[in-house]
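In what follows, a single structure is set out as structure tokens and then discussed.
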Amino acid sequence: MALILNGNQLEGPLPPSLNNCILLEILDVGNNMINETFPNWLENLPYLEVIILRSNRFHGPIDNSSATFLFPELRILDLSHNQFTGPLPVNYFNNFVAMMPSSMDDVEVGYMEYFDGQYYSVTLSIKGVERDIDRILTILTTIDLSDNLFRGPIPEVIGKLQSLILLNFSHNSLTGDIPLSLANLTQLEALDLSYNKLVGNIPMQLTSLTFLSVLNLSYNQLVGPIPQRKQFDTFPNDSFIENLGLCGLTLSKRCGNDKAPTPTPSIVLKENNAFKTTTMVCEIDRKRGSKKCEKAE
């Protein structure tokens, strides 16, 4: 069962009567003008797999409910482009059972459908690009809380969600270090923590994320050397800019132990005879044990 009202001009709060839709699996009210705090009554809908509230006027803190089994089936959470405040919802993260590794063992790879081959479709930000998803893979797991007013640290508990593929906390006011537990997100393909107030070093442990193809840590207050292993060797300069304390080979600012590339050695030979003088420049390739000479201009 799904309620998809994306891209209208809906105003006011969500009707609490939706609490009666006990079999609701997908709630997509993105890109409207809904103005209210986070609808905590959604906690009473045990089969929700997709919650999309992006690009509305939601505001205020998200209460960290003390209830257990909160959103146990949730795989997609998109609260981006609102005005949520306060700390990240730690207790929600702690109960997203469907994003934890053991839950994926029994998931059959396919598409979410609601009736005889009819598929659900939603709009999501995928690796920084907004896309219309005509078919939602049952193994797609994503959390997008970008462009809000969240503050405080990134909780270590996020590392429990080891089935996450996309994680976006960008454009908030998050502080503290990048938690080492992010290295547990071994399925992660995109990580965006840009435009926050994060400090400290980039954990070397993040180099173990071998599926990571998009990384953005720009516009923070990070310091120290950029890791130089595996996937980190493929990320462009834009992934790290505007962190004045960072250094590394991908930036123009070198670290103290960085070495400039060794120039290729050359030998200049001059040949004189009665008729002409020829200058030859020879390039030596030490690895191949060869030498190539050309006339100099």
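This one's a predicted model, so the numbers in the text were calculated from it and none came from an experiment.
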How would you list, by chain and number, every residue that makes a side-chain contact (heavy atoms from CB on, under 4.5 Å) with [X], sequence neighbours excluded?
X	result
T37	H59
D177	V199
N82	N56, F58, F84, N148
D233	Q228

Within the side chain of [X], is there an N or O that forms a donor-acceptor pair under 3.5 Å with the backbone of [Y]?
X	Y	result
N216	S218	yes
E25	E49	no
S213	E189	yes
S80	D144	no
D192	N168	no
N31	G7	no
E11	M33	no

Practice problem: Each residue besides Y195 in its hydrophobic cluster should be listed here, by chain and number; the cluster joins Ile, Leu, Val, Met, Phe, Trp and Tyr at side-chain heavy-atom distances under 4.5 Å. | Solution: Y219, I241
Quiz item: Just checking, any donor-acceptor pair under 3.5 angstrom between side chains of D28 and N6?
Solution: yes
Partner set under side chain to side chain donor-acceptor pair (under 3.5 Å) for [X], not counting sequence neighbours:
X	answer
N94	K160
H171	none
N172	none
E156	S181

Are the side chains of [X] and [Y] in touch, meaning some heavy atoms are under 4.5 Å apart?
X	Y	answer
L198	L174	yes
K197	Q221	yes
P39	L53	yes
D78	T142	no
L74	I76	no

Practice problem: Could you list the residues that satisfy ring pair (Phe, Tyr, Trp, His ring centres under 6.0 Å) with F232, not counting sequence neighbours? | Solution: F235
Practice problem: Sort and list the pairs that fulfil side-chain hydrogen bond (donor to acceptor under 3.5 Å, both in side chains) and have at least one residue in residues 238-247, not counting sequence neighbours. | Solution: none
Practice problem: Please step through side-chain contact (heavy atoms from CB on, under 4.5 Å) for the pair L24 and I22, ending with a clear verdict. | Solution: CA-CA 6 Å; L24 194 65; I22 196 68; over 6 Å; no
Exercise. Kindly state each residue pair satisfying ring-ring contact (aromatic ring centres under 6.0 Å, His included) with at least one member in residues 12-50, sequence neighbours excluded.
Key: F38-Y92
